[in-house]
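Input: a single structure, listed below in structure tokens.
Start at 1 and go down the list; that is how both ligands and their atoms are numbered. Quantities reported herein were computed from a predicted structural model and do not represent experimental measurements.
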Amino acid sequence: MKVFKFGGASVKDAAGVRNVAKVLSHSPDDDLLIVVSAMGKTTNALEEIVWAYVEKKPADERLEVLRAAHLSILAEVAPDDVAAAAELVLHFDKLNARLKGKPSGSPDREYDQIVSQGELWSTLIVSAHLKHVGLANTWVDARTIVRTDGTYRTARVDWDLSERRAVGLLDEVAGVPKRIVTQGFIGSSPDGDTTTLGREGSDFSAALFAYLLDAESVTIWKDVPGMFSADPKRFPDTKLLSHISYREAIELSYFGASVIHPRTLQPLQKKHIPLYVRSFMDLTAPGSIIDDRNENDSLIPSFIVKPGQLLISITPRDLSFIVEENLSGIFWLFAQRNVRIDLMQNSAVAFSVVVDDSPRSRELIEELRRGYEVRYNDGCELVTVRHFDEPTLHKLTAGKEVLIEQRSRNTARFVLK
Ligand code: ASP
Ligand code: MG
């Protein structure tokens with residue numbers, strides 16, 4: 001079995017849904033599990049509905065916009081599927097009824113029950129369209145397989161239980177062809193509530209299903225033709241990374257390359273399942289392969305540029321050395337406020353970190369100021385270069401002030417202003 005994943009951008013409208021069928025028709029396999037995200041910006045719209053609901057503000061109009069959009073796409077891509085239309089209407093009616101009721105005390109729980117709907121709608125539509133064009137498939141509710149703990153919005157997967165359920169599923173849909181259409185991003189808690197795996201979690205879902213089902217490979221269909229040595233939307237002369245290792249891909253996504261979610265790679269690596277990143281717009285483009293082999297990792301320097309960074313430098317007021325006690329207190333504050341440190345450096349009396357400039361980071365600065373002298377530089381750029389060479393470093397730093405420079409064997413990092 002192979003796993004295919006289609007993100008929100010690939011199914012944002014009727015043309016996108018039709019294109020999914022086109023991608024499948026190009027692929028000779030019908031032993032496929034197809035993971036689909038919510039359509040376009042549906043998840044964002046559902047988040048707004050949740051926040052309105054928990055603040056007891058009306059959300060009906062917003063929901064009606066989503067209902068109309070989904071029903072009209074379904075009508076375009078599966079015009080005579082009365083059953084699918086009835087089912088979709090039922091989903092919307094149920095959600096509408098929920099929004100008329102009183103929110104429970106837990107906004108995060110409400111979030112998961114409501115935001116998860118986007119994936120249910122999109123998969124109903126995709127499944128109906130595939131049937132309409134003769135691609136037989138079984139729609140599966142991912143919540144019957146993906147068992148998680150009860151941490152709403154960032155649920156953790158119970159791998160053993162999910163594995164048992166996945167094997168059960170395969171036995172059930174043993175017929176040929178075995179195309180299964182299911183949702184990314186969602187699971188269910190031990191209490192039977194819906195849970196979600198964190199924003200942009202569908203890549204991870206695809207990897208999770210591949211792991212559970214011992215799949216042969218995972219293909220993520222994207223609007224870019226693979227992983228590149230830099231963001232092709234920002235830099236003109238980027239190169240396709242046609243074959244890199246899991247380790248390299250994890251490093252790149254950790255430093256901010258947004259093509260694949262870093263969590264996606266671990267389950268695949270554990271079972272040596274290759275990941276293909278390919279373009280849903282150009283089915284002849286080869287894309288990128290990510291697997292165990294690392295011989296190509298160092299061939300092309302890759303770089304990731306993160307703008308909008310804060311360089312914060314923290315000094316004890318009495319100029320005492322930055323000792324472990326201070327550091328553990330500082331780290332605790334960062335963890336508490338969920339501010340991720342992207343780079344750090346220390347001297348005898350100062351500890352410097354680079355973080356995203358966000359309201360949370362600004363609040364943290366104020367909190368740190370209670371115990372430390374804190375200075376910061378805003379508007380910085382954090383540049384990470386893997387497998388660097390001097391021309392690449394020169395190109396990226398030319399004309400800029402270098403506030404921090406760190407180099408290890410494979411990685412060079414700069415804080416620039
Ligand atoms: N629909 C979810 C989101 O937008 C999950 C995903 O797309 O990966 O975050
Ligand atoms: Mg999405």
Side-chain angles (χ1 to χ4, degrees), residues 3-13 16-17 19-20 23 33-51 62-63 65-67 69-70 73 88 91-92 95 107-127 139-143 145-146 148 151-157 181-188 193-211 218-224 227 249 253 256-268 275-280 338:
V3 174
F4 277 9
K5 185 259 172 175
F6 293 92
S10 68
V11 291
K12 65 178 194 305
D13 51 21
V17 175
N19 191 56
V20 171
V23 172
L33 180 111
I34 302 146
V35 178
V36 184
S37 303
M39 300 182 132
K41 300 270 175 257
T42 303
T43 306
N44 292 354
L46 282 166
E47 281 189 342
E48 282 179 15
I49 289 176
V50 176
W51 305 138
R62 288 197 176 104
L63 184 61
V65 173
L66 290 177
R67 182 199 290 258
H70 282 80
I73 294 174
L88 195 52
H91 275 276
F92 277 99
L95 179 53
D108 287 349
R109 177 169 179 273
E110 296 297 345
Y111 179 102
D112 281 3
Q113 311 319 301
I114 295 170
V115 171
S116 54
Q117 298 293 313
E119 267 68 12
L120 297 169
W121 304 333
S122 66
T123 49
L124 274 174
I125 295 173
V126 168
S127 169
W139 181 89
V140 168
D141 186 332
R143 296 170 298 183
I145 298 173
V146 181
T148 67
T151 321
Y152 299 112
R153 297 187 65 182
T154 49
R156 274 180 295 267
V157 173
V181 174
T182 194
Q183 307 79 39
F185 182 53
I186 69 175
S188 65
D193 275 343
T194 303
T195 51
T196 62
L197 306 173
R199 284 302 308 263
E200 307 302 327
S202 291
D203 287 359
F204 173 66
S205 295
L208 164 66
F209 282 115
Y211 180 96
V218 173
T219 306
I220 298 186
W221 296 95
K222 306 244 7 155
D223 55 1
V224 287
M227 275 193 93
S253 55
S258 57
V259 179
I260 10 177
H261 200 285
R263 266 197 310 166
T264 308
L265 294 148
Q266 277 149 346
L268 298 179
L275 172 66
Y276 304 114
V277 182
R278 296 191 50 192
S279 162
F280 61 75
N338 222 339

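- Taking each of Lys41, Glu47, Glu119 in turn, the one with a heavy atom nearest to atom 2 (C) of ligand 1 proves to be Glu119.
- Checked by distance only, ligand 1 and Asp203 stay at 3.5 Å or farther apart across all their nitrogen or oxygen atoms.
- Using modelled atom types and a 3.5 Å distance limit, the side chains of Asp112 and Thr195 yield no donor-acceptor pair.
- Under the 4.0 angstrom criterion for non-hydrogen atoms, His261 is not in contact with ligand 1.
- The main-chain N or O of Ala142 is found under 3.5 Å from a side-chain atom of Gln183 such that the two form a donor-acceptor pair.
- Proximity of Leu197 to Thr148: side-chain heavy atoms (C-beta onward) are separated by under 4.5 Å at one or more points.
- Of all atoms in ligand 1, listed by their number and element, those nearer than 4.0 Å to a heavy atom of Ser37 are 6 (C), 7 (O), 8 (O).
- Under 4.0 Å from ligand 1, heavy atoms of Ser202 appear from its side chain as well as its backbone.
- Of the candidates Thr194, Thr196, Asp193, Tyr152 forms a side chain to side chain donor-acceptor pair (under 3.5 Å) with just one, namely Asp193.
- Checked by distance only, ligand 1 and Arg199 come closer than 3.5 Å through their nitrogen or oxygen atoms.
- The closest approach between a heavy atom of Gly8 and any atom of ligand 1 is not below 4.0 Å.
- Side-chain atoms of Ile125 and Met39, non-hydrogen and from C-beta on, do get closer than 4.5 Å to each other.
- At under 3.5 Å, not a single nitrogen or oxygen of Gly198, backbone or side chain, sits near a nitrogen or oxygen of ligand 1.
- The aromatic rings of Trp121 and His70 lie perpendicular to each other, with more than 60° between the two planes, well past the 30° mark.
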